[in-house]
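This report refers to the structure that appears directly beneath it.
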Number of protein chains: 2
Amino acid sequence: MSKIRNSEETKERILCAAQSLFAQRGFEAVSLREITAEAEANVAAVNYHFGGKDALIDAVIVRHMMPVMTERMKLLAVAQQRADESDGVIPVVETLDAFMRPFLMVMNESGENKALFAKFCGRIMSDVGSNLPAEAVEQFSIMVQKFTQALSQALPHVGQQELMWRLHFSFGVMAHTLMHGERLVEVTKGACGEPDFETTLKRMIDYCIGGLEA
Amino acid sequence: MSKIRNSEETKERILCAAQSLFAQRGFEAVSLREITAEAEANVAAVNYHFGGKDALIDAVIVRHMMPVMTERMKLLAVAQQRADESDGVIPVVETLDAFMRPFLMVMNESGENKALFAKFCGRIMSDVGSNLPAEAVEQFSIMVQKFTQALSQALPHVGQQELMWRLHFSFGVMAHTLMHGERLVEVTKGACGEPDFETTLKRMIDYCIGGLEA
DNA sequence: GTCTATAAAGAGATAGAC
DNA sequence: GTCTATCTCTTTATAGAC
């Protein structure tokens, strides 16, 4: 039993170390040796627990993205309930909030490095559809459908195709900011301020509302 | 003389092959062997002509980004001249056009695969500041400054910090679309239409105007 | 300038002892 | 479950023949 517990801990350490390194440098540029060194585990442990590097990548993605996806759907459902008490249409600001806020929530809940977690999420958003595990792609597809529908009702004057592109653009805003937001601070030498995540979230939502309603 | 000419051709083939592969899979995930195989050159040729893989990466980036940067500055200068004939303020739509259109122009001029070139540009935009050659970073920095200034004059009600973030978001729109625009077509199974680059450009500009003016 | 051959380092994976 | 030792493959880089 103690062995099983240790095993689970080792798995967890590997997952965390992998996520941190993947966030910083991407999936392919990180070696198992670096991961296991940081996780204070053995190279063989990865193959034992996950089956190989590719399986580890999938596990890390699923492990960290599922809570975000679940939270998104939950927030959207809550917003839908609120909307049903009036005209049934979710305001754009609430839909966007339901889409973007879960990152903050998961970030805050986990004790992990927030900036790294953000980068990791941004990286995944950028890679969606390329090599993501099937489970994640499916979840993602369902989510896109739900959110498109909600936005469509709030923005009836925007055609379906147009709306898809604008949602795609909004993904870009989020992915780019999650991945490279802190770099803006560097590049501008702090002239852009050093806002907390809540402030950045609000900025993104405001910007995307403007773009979606354009 | 004929050897020199052949040498230049080999260099060019290597640069093109590298750009194509980097666009598809990123810089670190592509090996020199793959590049030289596609370029029908020898592995040693890369080291002879460029000095190593890192130097090749820098050369590819500089080679393909400089025309875009130059064109951007030129278009902005032209817009400024037009503006000087009235109130001196460049309309947001023209600033955004000057920023985004050069990609199309360079794409169309080069005989290369347009979609690949777009991906390559998007990848560079995403990597700005991380490992880009100093030459490119400097150019980029100057460009950001010029465009921020132009937008600032057109949007006096938007604070400086706020504007920087909104410009950053606009970068995200462009980078994400260049890199993953075609994937939207796949994911939506064509429901988003299959617009040409000119149409997508217009959509991006409209969206970004909405966001910038929000 | 170009190529072959090879060096040197590092990758992922696995067998077998514990 | 974990770890050492090792296998095999691939990478970048370079020396030296042509």
Side-chain angles (χ1 to χ4, degrees), chain A residues 1-63 120 123 127 130-133, chain B residues 1-63 120 123 127 130-133:
Chain A
M1 183 61 187
S2 80
K3 286 216 169 184
I4 291 174
R5 173 162 297 275
N6 283 336
S7 166
E8 287 303 314
E9 282 173 7
T10 300
K11 257 179 102 164
E12 199 63 23
R13 280 204 314 277
I14 291 173
L15 283 168
C16 285
Q19 184 229 1
S20 169
L21 289 164
F22 289 158
Q24 298 176 70
R25 312 214 311 271
F27 298 108
E28 307 210 51
V30 176
S31 72
L32 289 184
R33 294 178 146 76
E34 295 175 272
I35 295 169
T36 50
E38 181 154 327
E40 290 176 23
N42 192 280
V43 195
V46 172
N47 291 288
Y48 175 78
H49 286 293
F50 301 94
K53 186 182 182 182
D54 288 346
L56 171 62
I57 293 175
D58 284 4
V60 174
I61 293 174
V62 170
R63 162 87 173 69
F120 182 75
R123 201 172 286 280
D127 284 0
S130 56
N131 286 314
L132 291 190
Chain B
M1 182 61 189
S2 79
K3 287 217 169 184
I4 290 176
R5 173 161 298 274
N6 283 336
S7 166
E8 287 304 314
E9 282 173 7
T10 300
K11 257 180 103 164
E12 199 62 23
R13 280 204 315 277
I14 291 173
L15 283 169
C16 286
Q19 184 229 1
S20 169
L21 289 165
F22 289 156
Q24 297 175 70
R25 311 214 311 272
F27 298 107
E28 306 209 50
V30 176
S31 72
L32 289 184
R33 295 181 134 73
E34 296 175 270
I35 294 169
T36 50
E38 179 154 327
E40 291 176 24
N42 191 279
V43 196
V46 172
N47 292 289
Y48 176 79
H49 285 293
F50 300 95
K53 187 183 180 180
D54 288 347
L56 171 62
I57 293 175
D58 283 5
V60 174
I61 292 174
V62 170
R63 163 87 173 68
F120 182 75
R123 201 172 285 281
D127 283 0
S130 56
N131 288 314
L132 292 189

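Below, chain A is the first sequence line, B the second, and so on; all start at residue 1.
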**Message:** It should be established whether B:Thr10 places a side-chain nitrogen or oxygen under 4.0 Å from OP1 or OP2 of nucleotide C:dT2.
**Reply:** yes
Output a table of donor-acceptor pairs, distance under 3.5 Å, between side-chain atoms of residues 45-54 of chain B and any protein atom two or more places apart or on a different chain; print 'none' if there are none.
unit_1: B:Lys53; atom_1: NZ; unit_2: B:Val30; atom_2: O; d: 2.6

**Message:** Could you work out, with side-chain hydrogen bond (donor to acceptor under 3.5 Å, both in side chains) as the rule, every residue matching B:Ser20, not counting sequence neighbours?
**Reply:** B:Gln24
**Prompt:** In the 5'-to-3' direction, what one-character label does each nucleotide of nucleotides 4-18 of chain C receive under the scheme B = base within less than 4.0 Å of a protein heavy atom, S = sugar-phosphate only, - = no such atom?
**Reply:** B------BBBB----
**Message:** How many whole angstroms separate atom CD of A:Glu28 from atom P of D:dT10?
**Reply:** 15 Å
**Request:** Sorted by first residue and then second, give each salt bridge (Lys or Arg N to Asp or Glu O under 4.0 Å) pair with at least one member in residues 27-44 of chain A; sequence neighbours left out.
**Result:** A:Arg25-A:Glu34
**Prompt:** Considering residues at least two apart in sequence or located in another chain, which fulfil the salt bridge (Lys or Arg N to Asp or Glu O under 4.0 Å) criterion with A:Glu12?
**Reply:** A:Arg63
**Item:** Atom pair distance, as rounded to whole Å: CD in B:Glu40 and C1' in C:dG1
**Value:** 17 Å
**Item:** Between D:dT11 (P) and B:Leu56 (CG): distance, integer Å
**Value:** 15 Å
**Request:** For A:Phe27, enumerate each residue passing the ring-ring contact (aromatic ring centres under 6.0 Å, His included) test, keeping only those at least two apart in sequence or located in another chain.
**Result:** A:Phe22
**Prompt:** So B:Leu15 and B:Leu56, side-chain contact (heavy atoms from CB on, under 4.5 Å) or not? Walk me through it.
**Reply:** CA-CA 8 Å; B:Leu15 283 169; B:Leu56 171 62; 4.2 Å; yes
